[in-house]
Amino acid sequence: MVQVIAITGPTASGKSALADEVALRIGTDVISADAMQVYRGMDIGTAKTPMAQRAVPLQLVDIVDPDQAYSAALYQRDARDLIDNHIEKGKLAILCGGTGLYIQAALEDMRFPQGEVDDARRTRYNDMAESLGAAGIYQLLVERDPLSAEQIHPNNVRRVIRALEMTDEGVSYAQQRSGFAQPTPVYSSLTFALTMDRGALYERIDRRVDAMMNQGLVDEVSALIEHGMSDALTSRQAIGYKEIIDALSGLTSMEEAVALIKQRSRRYAKRQLSWCRRNPRTIWIDMDAYSLDQAASFIVERIGA
RNA sequence: GGCCAGAUAGCUCAGUUGGUAGAGCAGCGGACUGAAAAUCCGCGUGUCGAGGGUUCGACUCCCCCUCUGGCCA
């Protein structure tokens with residue numbers, strides 16, 4: 001008996017529409033698995049399905065303000081609450097989104113260290129990395145936790161800092177990782193990933209970015225900047241936002257910003273595909289061969305079996 | 001029609017006195033355990049316009065053809 005399904009795949013591949021259709025057919029709602037759609041006010045750039053067009057309720061969108069930090073651990077908590085609730089009611093839970101880590105955190109036995117991530121401490125490490133350089137901060141990790149240092153590339157400052165945070169919390173990154181060599185599912189689940197011809201996908205991405213601009217992405221970003229988005233730790237990393245912020249502050253032209261959004265979206269799509277490929281349980285759906293309707297039928301059939 | 005310049009990776013181009021080619025951008029692959037739309041790592045993907053000649057050997061020299069741009073008619 002399948003308890004939860006995930007519908008994922010690259011950006012602009014049609015995940016949301018498909019999830020809506022499946023949810024409608026089997027009488028449930030959709031739980032977003034998207035690291036940027038959690039933010040209020042970030043609608044156009046994250047391609048959030050507009051309220052009026054939602055066939056079924058969409059959960060875990062608009063749950064925090066853009067100046068707040070959210071994380072995989074928090075998502076795990078929130079998503080599992082909802083999934084458990086669905087199971088209690090005998091309903092299938094549908095996770096839909098492109099953030100692979102979030103889906104994994106929800107569906108697999110992934111454990112995060114206790115304690116809160118301390119923004120002030122993170123900022124301090126970021127500053128330290130700035131002044132010491134990548135090699136300098138890496139050296140700090142080598143001294144504190146050589147085993148973890150071995151597993152992290154010295155240039156990957158982001159990971160180096162996280163590993164340092166973990167040592168502060170009394171945990172070792174290396175140790176933590178080795179414990180989860182073979183992921184074990186916590187629910188009975190199926191993961192579907194959408195795919196299509198690369199050229200066609202890139203074409204869709206370009207067109208969607210143009211559409212976002214027409215829908216007023218610049219205005220949306222301006223409004224968010226007034227609420228302090230430029231300083232936000234997480235939300236301002238979103239593709240389509242950071243580029244517009246740079247253009248509005250005069251660092252680039254708007255034309256360059258749009259081109260950059262398209263390119264970064266393409267690369268992002270590629271990384272998403274990479275993530276899906278490494279999961280051997282991924283069930284691929286070729287959207288070149290299936291219509292939305294056929295894809296929905298395919299999924300419904302698989303759930304029943 | 002004549003003269004000149006060019007034709008090399010998806011694009012823009014480099015390529016020494018002949019030894020089967022390399023940069024940027026684009027692209028492709030991968031990693032990922034509390035920022036993940038983040039962060040990081042790896043990879044030239046090529047009938048050197050076609051055909052012939054010289055040479056042990058031609059992207060390179062010679063001939064011829066095709067195409068493109070410019071100039072002159």
Side-chain angles (χ1 to χ4, degrees), chain A residues 8 10-12 15 32-39 42 45-48 64 66-78 97-119 121-123 125-126 129 134 137-138 148 151-166 168-169 171-184 198-199 201-202 205-206 208-209 212 232-244 259-279:
Chain A
T8 185
T11 185
K15 301 181 289 291
S32 166
D34 187 300
M36 293 302 164
Q37 289 191 356
V38 298
Y39 291 106
M42 292 172 66
T46 64
K48 222 176 267 173
V64 290
D67 59 354
Q68 292 178 274
Y70 195 70
S71 72
L74 296 176
Y75 180 80
Q76 179 180 64
R77 179 200 64 195
D78 295 342
T99 306
L101 179 66
Y102 281 18
I103 293 174
Q104 194 183 338
L107 302 184
E108 285 174 10
D109 184 24
M110 197 180 242
R111 283 175 214 181
F112 302 103
Q114 299 295 310
E116 295 292 305
V117 162
D118 181 347
D119 279 358
R121 182 178 62 196
R122 180 164 284 177
T123 304
Y125 276 128
N126 276 327
I137 193 114
Y138 182 73
S148 294
Q151 296 187 22
I152 300 171
H153 194 283
N155 289 346
N156 202 342
V157 176
R158 202 55 88 93
R159 287 265 163 64
V160 171
I161 289 177
R162 176 58 197 147
L164 284 168
E165 288 175 350
M166 288 171 81
D168 289 335
E169 290 162 24
V171 194
S172 162
Y173 170 85
Q175 214 175 15
Q176 176 93 358
R177 251 185 87 187
S178 67
F180 298 98
Q182 316 102 335
T184 35
R198 194 63 67 90
L201 178 65
Y202 286 0
I205 288 173
D206 287 355
R208 188 158 84 169
V209 173
M212 285 174 180
L233 215 54
T234 305
S235 58
R236 73 150 293 151
Q237 296 181 148
I239 296 170
Y241 291 84
K242 54 187 166 195
E243 296 83 3
I244 301 289
L260 206 52
I261 292 170
K262 289 176 179 173
Q263 181 184 75
R264 286 184 176 155
S265 298
R266 289 196 288 271
R267 291 180 171 170
Y268 169 48
K270 211 154 65 68
R271 272 178 273 131
Q272 289 175 304
L273 286 165
S274 253
W275 185 279
C276 293
R277 274 187 219 117
R278 81 182 194 136
N279 178 357

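Reckoned from all heavy atoms, side chains included, excluding hydrogens, waters and symmetry mates. Keep in mind the model is a prediction, meaning the values are calculated, not measured. Each chain gets a letter, A, B and so on, in the order the sequences are listed, and its residues count up from 1.
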Margin query: Under a 4.0 Å threshold between the charged nitrogen and the carboxylate oxygen, would A:E243 count as salt-bridged to A:K262?
Written below: no
Check: Mapping A:L74 and A:Y268 to their closest nucleotides on RNA chain B, which lands nearer the 5' end?
Finding: A:L74
Margin query: Please determine whether a side-chain nitrogen of the Lys or Arg among A:E165 and A:R159 lies less than 4.0 Å from a carboxylate oxygen of the Asp or Glu.
Written below: no
Next item on the list: Scan A:T11 against the nucleic acid and name what it touches under 4.0 Å (heavy atoms): base, sugar-phosphate only, or nothing.
Entry: nothing
Next item on the list: Look at all strands and tell whether A:G98 reaches a base, only sugar-phosphate, or nothing, counting heavy atoms closer than 4.0 Å.
Entry: sugar-phosphate
Item checked: A:S274 side-chain N/O to B:G30 phosphate OP1/OP2 under 4.0 Å -> yes
Notebook entry, point to check: With respect to the phosphate group of B:G27, does any side-chain polar atom (N or O) of A:R267 fall under 4.0 Å of OP1 or OP2?
Noted result: yes
Notebook entry, point to check: Have A:Y70 and A:D78 got a donor and an acceptor in their side chains that come within less than 3.5 Å?
Noted result: yes
Item checked: A:R162 vs B:A38: side-chain N/O to OP1/OP2 distance below 4.0 Å -> no
Margin query: Categorize A:Q272 for me: base, sugar-phosphate, or nothing, with a 4.0 angstrom heavy-atom threshold over every strand shown.
Written below: nothing
Note to self: Check the phosphate of B:C40 against A:R271, side-chain N and O only, distance under 4.0 Å to OP1 or OP2. Yes or no?
What the structure shows: no
Note to self: Is there a side-chain contact between A:Y102 and the phosphate of B:A35, meaning an N or O under 4.0 Å from OP1 or OP2?
What the structure shows: no
Margin query: Taking B:A9 as the reference, what is the distance to B:G27 when you measure between their C1' atoms (whole Å, please)?
Written below: 11 Å
Margin query: Quick one about A:D34 and A:Y75 (side-chain donor to acceptor, distance below 3.5 Å, no hydrogens or angles considered), yes or no?
Written below: no
Margin query: On the nucleotide B:A35, are OP1 or OP2 found under 4.0 Å from the side-chain N or O atoms that A:Y70 carries?
Written below: no
Next item on the list: Sticking with atom P, work out how far B:A38 lies from B:A50, rounded to a whole angstrom.
Entry: 42 Å
Next item on the list: Tell me whether the OP1 or OP2 atom of B:A37 has a side-chain N or O from A:T99 closer than 4.0 Å.
Entry: yes
Checklist line | Interatomic spacing from OH in A:Y102 to OG1 in A:T8 - rounded to 0.5 Å | finding: 13.5 Å
Next item on the list: Kindly point out which of B:G27, B:G34, B:A35 is positioned nearest to the side chain of A:Q237?
Entry: B:A35
Notebook entry, point to check: When you measure from the side chain of A:M36, which nucleotide among B:A36, B:A38, B:G34 comes out closest?
Noted result: B:A36
Next item on the list: Give a yes or no on whether a salt bridge exists between A:D119 and A:R121, defined as a side-chain N under 4.0 angstrom from a carboxylate O.
Entry: no
Next item on the list: For A:A35, report the nucleic acid contact type (base, sugar-phosphate, nothing); a contact means any heavy atom under 4.0 Å.
Entry: sugar-phosphate
Checklist line | Atom-to-atom span, CD of A:E169 to P of B:U33 - whole angstrom | finding: 14 Å
Item checked: Donor-acceptor pair (no angle test) under 3.5 Å: A:K270 side chain, B:G27 base -> no
Next item on the list: Check if the side chain of A:R158 and the base of B:A38 share a donor-acceptor pair of N or O atoms closer than 3.5 Å.
Entry: no
Next item on the list: Could you check how far CD of A:E165 sits from P of B:U39, rounded to whole Å?
Entry: 16 Å
Margin query: Taking side chain to side chain contact (heavy atoms under 4.5 Å, CB included) as the definition, give me every residue that meets it alongside A:P154, ordered by chain and number, with sequence neighbours left out.
Written below: A:Y138
Next item on the list: In whole angstrom, give the distance that lies between atom CG of A:N279 and atom P of B:A31.
Entry: 11 Å
Note to self: Between B:A58 and B:G49, how many Å separate the two C1' atoms, rounded to a whole number?
What the structure shows: 16 Å
Next item on the list: In whole angstrom, give me the gap between the C1' atoms of B:A31 and B:A36.
Entry: 13 Å
Notebook entry, point to check: For atom C1', what is the distance between B:A21 and B:U60, given to the nearest Å?
Noted result: 11 Å
Notebook entry, point to check: Can you tell me how far C1' of B:G10 sits from OH of A:Y202, to the nearest Å?
Noted result: 13 Å
Margin query: Can you confirm whether more than 12 heavy atoms, excluding those of A:R277, are under 6.0 Å from its CZ atom?
Written below: yes
Item checked: Under 4.0 angstrom between A:R266 side-chain N/O and B:A26 OP1 or OP2 -> no
Next item on the list: With the side chain of A:R159 defined as its heavy atoms from C-beta on, choose the nearest nucleotide among B:G34, B:A35, B:A38.
Entry: B:A38
Item checked: Rounded distance (Å) that lies between atom C1' of B:C40 and atom CD of A:Q151 -> 15 Å
Notebook entry, point to check: Between A:R122 and B:A35, is there a side-chain N or O to OP1/OP2 distance below 4.0 Å?
Noted result: yes
Can you give me the N/O atom pairs linking the protein to nucleotides 41-43 of chain B at distances under 3.5 Å, or say none if there are none?
| from | atom 1 | to | atom 2 | distance (Å) |
| --- | --- | --- | --- | --- |
| B:C41 | OP1 | A:N155 | ND2 | 2.4 |

Checklist line | Pairwise P distance, B:U8 and B:G51 [rounded to whole Å] | finding: 16 Å
Margin query: For A:A259, give me all partners under side chain to side chain contact (heavy atoms under 4.5 Å, CB included), at least two apart in sequence or on another chain.
Written below: none
Item checked: Intra- and interstrand pairs of RNA chain B - dot-bracket, Watson-Crick/G-U under 3.5 Å, | marks other strand -> (((((((..((((.....[..))))((((((.......))))).)...(.(((..]....))).)))))))).
Margin query: Tell me the interatomic distance from A:Y39, atom OH, to B:A37, atom P, rounded to whole angstroms.
Written below: 11 Å
Check: Can you check whether A:Q104 has a side-chain N or O nearer than 4.0 Å to OP1 or OP2 of B:U33?
Finding: no
Note to self: Of the options B:A38, B:G30, B:A35, whose atoms approach the side-chain atoms of A:T234 most closely?
What the structure shows: B:A35
Next item on the list: Using the P atom as the reference point in each nucleotide, state the distance between B:C62 and B:U55 in Å, no decimals.
Entry: 16 Å
Item checked: Same-atom distance (P) from B:G42 to B:G10, integer angstrom -> 24 Å
Item checked: Set of residues satisfying ring-ring contact (aromatic ring centres under 6.0 Å, His included) with respect to A:Y241, sequence neighbours excluded -> none
Notebook entry, point to check: Rounded to whole angstrom units, what separation is found between the CZ atom of A:R121 and the P atom of B:G34?
Noted result: 12 Å
Notebook entry, point to check: A:E169 and A:P113: which non-hydrogen atoms are nearest, and at how many Å?
Noted result: OE1-CB, 3.5 Å
Next item on the list: Would you check, one step at a time, whether the test salt bridge (charged side-chain N to carboxylate O under 4.0 Å, His left out) holds for A:D206 with A:R208?
Entry: CA-CA 5 Å; A:D206 287 355; A:R208 188 158 84 169; over 6 Å; no
Next item on the list: Would you mind reporting whether A:I137 and A:L164 have side-chain heavy atoms less than 4.5 Å apart?
Entry: yes
Checklist line | Qualifying residues under side chain to side chain contact (heavy atoms under 4.5 Å, CB included), relative to A:A174, sequence neighbours excluded | finding: A:L147, A:S148, A:Q151, A:S172
Check: When the distance from CZ of A:R198 to C1' of B:U45 is rounded to whole Å, what number comes out?
Finding: 15 Å
Notebook entry, point to check: Considering only side-chain heavy atoms of A:Q176, which listed nucleotide, B:U33, B:G29, B:A36, is closest?
Noted result: B:U33
Notebook entry, point to check: The side chain of A:K242 lies closest to which of these nucleotides: B:A36, B:A38, B:G27?
Noted result: B:A38
Check: Base, sugar-phosphate, or nothing: which does A:N126 touch, judged by heavy atoms less than 4.0 Å apart?
Finding: base
Next item on the list: Specify the residue among A:R111 and A:A47 whose closest nucleotide of RNA chain B lies further upstream toward the 5′ end.
Entry: A:R111
